[in-house]
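Reviewing the structure listed below.
Letters go in sequence order (proteins before strands), and every chain restarts at 1.
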There are 2 protein chains.
Amino acid sequence: MALKHGILGLLNYGDMTGYDLMKIFEKSLHYFWHVKTSQIYLELDNMTKSGLVVFRKEIQESRPNKNIFMITEKGKDELRKWLSHYDMKKSFNMKNEFLMIIFFLNELPKEEALRILEEYKEQCMKEKDSLMDANETVQTFKDIYSVNKKDHIFWQLTVKHGELCYEACLKWADYAIEVIKNKL
Amino acid sequence: MALKHGILGLLNYGDMTGYDLMKIFEKSLHYFWHVKTSQIYLELDNMTKSGLVVFRKEIQESRPNKNIFMITEKGKDELRKWLSHYDMKKSFNMKNEFLMIIFFLNELPKEEALRILEEYKEQCMKEKDSLMDANETVQTFKDIYSVNKKDHIFWQLTVKHGELCYEACLKWADYAIEVIKNKL
DNA sequence: GCATTCATGTAAGCTGTTACATGATTCA
DNA sequence: TGAATCATGTAACAGCTTACATGAATGC
């Protein structure tokens with residue numbers, strides 16, 4: 001359901017193709033929502049059928065034709081309903097395979113356990129760096145669609161969330177490495 | 001796939017029923033893996049078919065009969081393979097609907113935005129508290145199945161991860177509330 | 001007397017992934 | 001010349017959720 005609402009939120013800024021949506025998901029919402037191209041097209045199809053969006057065809061010569069989607073009044077209602085009637089418990093319904101690995105890590109020798117934690121740290125740092133890119137692309141997106149400064153505040157808050165969480169994860173990894181070195 | 005490996009990891013400590021597994025998932029792995037009862041039974045069925053586990057029937061008088069599952073050699077191989085050949089990128093494949101809400105929160109009036117953040121804080125605190133319970137149940141689990149101290153170290157590390165992350169989220173929420181109050 | 005625990009499942013449906021398929025244009 | 005960009009999809013499958021179904025025993 002959240003993909004549907006994410007699409008509605010973006011189309012609320014302006015009309016777009018599936019391809020445009022995909023790029024914005026990859027560049028700006030990537031930290032908290034990974035999406036596959038194929039699913040965007042499937043979802044747009046469902047949303048068209050249920051009347052949340054409509055589309056017009058644009059014939060192009062030197063490029064494949066486009067389907068440009070726009071949000072309907074029904075879609076706008078759905079977006080606002082989702083935003084204001086959100087059940088907070090849903091967000092704490094996590095699936096973190098990495099922590100499952102940690103839970104059972106005693107099955108592996110100490111050296112392998114430490115290697116895994118180092119890999120985790122490395123990946124955390126990479127992800128944290130890519131958040132900076134997100135901040136930049138958010139800026140260009142702001143120029144293309146005439147989105148106001150206040151929207152921008154919220155986009156930056158999601159980036160800030162990522163920064164703080166990755167910092168906490170890195171702190172945890174250092175602590176874990178110390179514990180394993182000392183107690184194991 | 002991670003549910004499969006979680007089940008293998010638990011059965012590696014000792015033989016159990018689907019019901020036992022469910023309780024342990026709820027009490028000890030709940031922070032990072034929410035599971036539905038029905039899915040455990042489906043998964044145990046699949047795993048039996050693929051030879052990762054076997055089960056024996058135990059007829060009871062005053063209780064429903066039990067299917068007691070045990071891990072096979074094939075299952076143990078699968079568990080070790082999963083632990084040592086883990087692709088770290090997989091863990092950063094997130095879906096966080098709450099952050100999607102934040103991204104589009106400018107659609108709502110300031111007061112509603114602030115209300116949502118307060119609700120988030122409250123839920124974070126609740127989840128953080130329930131981590132303490134996890135720590136306790138891990139202790140009783142340790143007594144039932146003769147799991148060694150070193151396993152316990154890793155279980156506690158997953159709890160520590162939760163603590164640090166929830167602290168970061170709470171810090172973020174306070175920051176977000178300030179930003180909204182000042183800039184909006 | 002009512003809620004919880006114990007104990008197992010089925011069926012339908014939704015969500016998401018992987019793999020496949022096409023093909024011109026533009027940039028380095 | 002080869003990679004990336006633009007642009008859209010289909011089919012099969014895996015994973016997970018929701019709702020339904022049963023029923024005795026135990027604890028408050």
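When the C1' atom of C/dC27 is taken as reference, atom CZ of A/R63 falls 11 Å away, rounded to whole Å. The NE2-C1' distance, from B/H5 to D/dG15, rounds to 14 Å in whole Å. Straight-line distance from the NE2 atom of A/H34 to the P atom of C/dG16: 13 Å, rounded to whole Å. One atom, CD of B/Q60, and another, C1' of D/dA25, lie 12 Å apart when rounded to the nearest Å. As a whole-Å value, the separation of A/W33 CH2 from C/dT17 C1' is 14 Å. In this structure, the CD1 atom of B/I40 is 14 Å from the C1' atom of D/dG15, given to the nearest Å. C/dA19 atom P lies 16 Å from atom CD of A/Q39, rounded to whole Å. Atom CG of A/L21 and atom P of D/dC6 are 14 Å apart (whole Å).
Under the 4.0 Å criterion applied to side-chain N and carboxylate O atoms, A/K49 and A/D45 are assigned as salt-bridge partners. In summary, B/R115 and B/E111 do not engage in a salt bridge, as defined by a charged side-chain N under 4.0 Å from a carboxylate O. Remark: B/E26 does not engage B/K23 in a salt bridge, criterion side-chain N to carboxylate O under 4.0 Å.
Between the side chains of A/Y86 and A/S91, at least one donor N or O sits under 3.5 Å from an acceptor N or O. A/K57 and A/N67 are linked by a side-chain donor-acceptor pair at a separation below 3.5 angstrom, with hydrogens and angles left out of the test.
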Taking only N/O atoms, report every protein-nucleotides 8-10 of chain D pair under 3.5 Å with atom names and distance.
| unit_1 | atom_1 | unit_2 | atom_2 | d |
| --- | --- | --- | --- | --- |
| D/dT8 | OP1 | A/N67 | N | 2.8 |
| D/dT8 | OP2 | A/Y19 | N | 3.1 |
| D/dT8 | OP2 | A/Y41 | OH | 3.0 |
| D/dG9 | OP2 | A/N67 | ND2 | 2.8 |

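Each of D/dC16, D/dT5, C/dT15 was ranked by its minimum atom distance to the side chain of A/M1; first place goes to C/dT15. Taking every side-chain heavy atom of B/K23 into account, C/dC6 is the closest of C/dG16, D/dG15, C/dC6.
Looking only at side-chain heavy atoms (C-beta outward), B/L8 and B/M47 come within less than 4.5 Å of each other.
Annotation: cation-pi pair B/K160/A/Y175 present, NZ/CZ under 6.0 Å from the ring centroid and within 45° of its normal. Taking the ring centre of B/F98 as origin, the terminal cationic atom of A/K90 falls outside the region bounded by 6.0 Å and 45° from the ring axis.
Listed in residue order, the members of residues 74-98 of chain B having a heavy atom less than 4.0 Å from DNA chain D come to none.
Heavy atoms of other residues, nucleotides or ligands lying less than 6.0 angstrom from CE of A/M132 number more than 12.
When heavy atoms are screened at a 4.0 angstrom cut-off, B/K4 is found touching no nucleic acid atom at all.
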